[in-house]
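Hydrogens, waters and symmetry mates play no part in the numbers below; they use all other heavy atoms, side chains included. Atoms within a ligand are numbered from 1 in the order they appear, just like the ligands themselves.
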Amino acid sequence: MAEVIIVRDAREGGEFVADAVIDLVRARPGAVLGLATGSSPLPVYDAIGRRAGEVDLSRVHGFALDEYVGLPEGHEQSYRATITREVVVPLGLTPANVHVPCGRVEGIRTAGEEYDTAIAAAGGIDLQLLGIGTDGHIGFNEPGSSFASPTRVKTLTRQTRRDNSRFFGHADEVPRRSITQGIGTILRARHLVLLAFGESKAQAVASAIEGPLTSSVPASAIQLHPRATVVIDEAASRLLANADYYRDAFADSSAWQTR
Ligand code: F6R
């Protein structure tokens, strides 16, 4: 099962995960990180940024989880632009080392396969950051996605487009399609770290961690992974039946197992 860590707030969660990333990069300066966008990973990027002097990230490789299809080149809400703004520049990654699936309509048929090939050529992802959608998606693998899926185009649910309208102004402006690492791709990463903060994620988190394995809750696929860590705040843990068990298990561990 996933290791579940219930933290006081997103800042504390960000610091926990930043520790794991920094330890990984110290041990392996050319580590390969899977980079999520959206709000959930921001406390991690902020915490790494606060400790920027402690570790050199210039040799790290990054692979974004997903990208919208069909946004104009350079659109400020494209995940290419978001990753550059929120990760590459503040953390000092080398732009040429950071990859984002290509969301251009021309070439979209082969873009997924090319992306999975590029991940494999880099040696696979060492640590994959994940958020979770209120509908249970990881990446943009919406409910019904195969657990074996490769990187490919997925249509976004109405719920996801409503959730992401906060970045665009209106749900109608959120693209209808994305290109996303598949669940099969995500499961090949050596360590999964899923972050979720706030009440709105409580149902999705409970279904993913304690519900049945089902493609109706794509994030439940992390139950299949030998090394998955879930970092959540109290609000996101509210519907977990075994929250006390996770607290006890964490209190009893001498060090966070991801270190
Ligand atoms: C983003 C991504 C999505 C988000 C999810 C949660 O790259 O793949 O799965 O992680 O939609 O978004 P936030 O964190 O904004 O609540």
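- Aromatic rings of Y245 and F250 (six-membered ring for Trp) have centroids beyond the 6.0 Å cut-off, not under it.
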Decide yes or no on salt bridge (Lys or Arg N to Asp or Glu O under 4.0 Å) for E73 and R80, but give the supporting numbers first. CA-CA 9 Å; E73 197 90 32; R80 163 65 73 187; over 6 Å; no

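- The heavy atom nearest to atom 13 (P) of ligand 1, out of those in A196, S39, G198, A64, is found in S39.
- For atom 6 (C) of ligand 1, the closest non-hydrogen atom on the protein side is I132 O, 3.4 Å.
- Proximity to G38 (heavy-atom distance under 4.0 Å) selects the following atoms of ligand 1: 14 (O), 15 (O).
- When hydrogens are left out, the protein atom nearest atom 5 (C) of ligand 1 is H137 NE2, 3.4 Å; that is the closest non-hydrogen contact.
- Checked against the 6.0 Å centroid threshold, F167 and Y68 do not count as a close aromatic pair.
- At under 3.5 Å, a nitrogen or oxygen of R166, whether backbone or side chain, sits near a nitrogen or oxygen of ligand 1.
- Sparse packing is recorded around CZ of R11, with 12 or fewer heavy atoms of other residues, nucleotides or ligands lying under 6.0 Å away.
- Of the protein's non-hydrogen atoms, G131 CA, 3.2 Å is the one closest to atom 10 (O) of ligand 1.
- The closest protein non-hydrogen atom to atom 3 (C) of ligand 1 is G139 O, 3.5 Å.
- If you check which protein heavy atom lies closest to atom 8 (O) of ligand 1, you get D66 OD2, 2.5 Å.
- Shown here for A206 and L239, the closest heavy-atom pair between the two residues is CB-O, 3.7 Å.
- Summarising the geometry of E210 relative to N242, their closest heavy-atom pair is OE2-N, 3.0 Å, with the distance given to 0.1 Å.
- Atom CD of Q77 sits about 8.5 Å away from atom CG of L71, to the nearest 0.5 Å.
- For ligand 1, the atoms sitting less than 4.0 Å from at least one non-hydrogen atom of L65 are 8 (O), numbered in the order shown with element in parentheses.
- The shortest heavy-atom contact between I119 and T185 is CD1-CG2, 3.9 Å.
- In this structure, atom 14 (O) of ligand 1 lies nearest to the protein heavy atom S40 OG, 2.5 Å.
- Here's the thing with Y79: none of its N/O atoms is less than 3.5 angstrom from an N/O atom of ligand 1.
- K201 NZ, 4.3 Å is the protein heavy atom nearest to atom 12 (O) of ligand 1.
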Could you check R238 against E199 for salt bridge (Lys or Arg N to Asp or Glu O under 4.0 Å), going step by step and ending with a plain yes or no? CA-CA 8 Å; R238 204 177 57 78; E199 176 81 31; 2.7 Å; yes

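- If you look at T37 next to ligand 1, the close heavy atoms, those under 4.0 Å, come from the backbone and the side chain alike.
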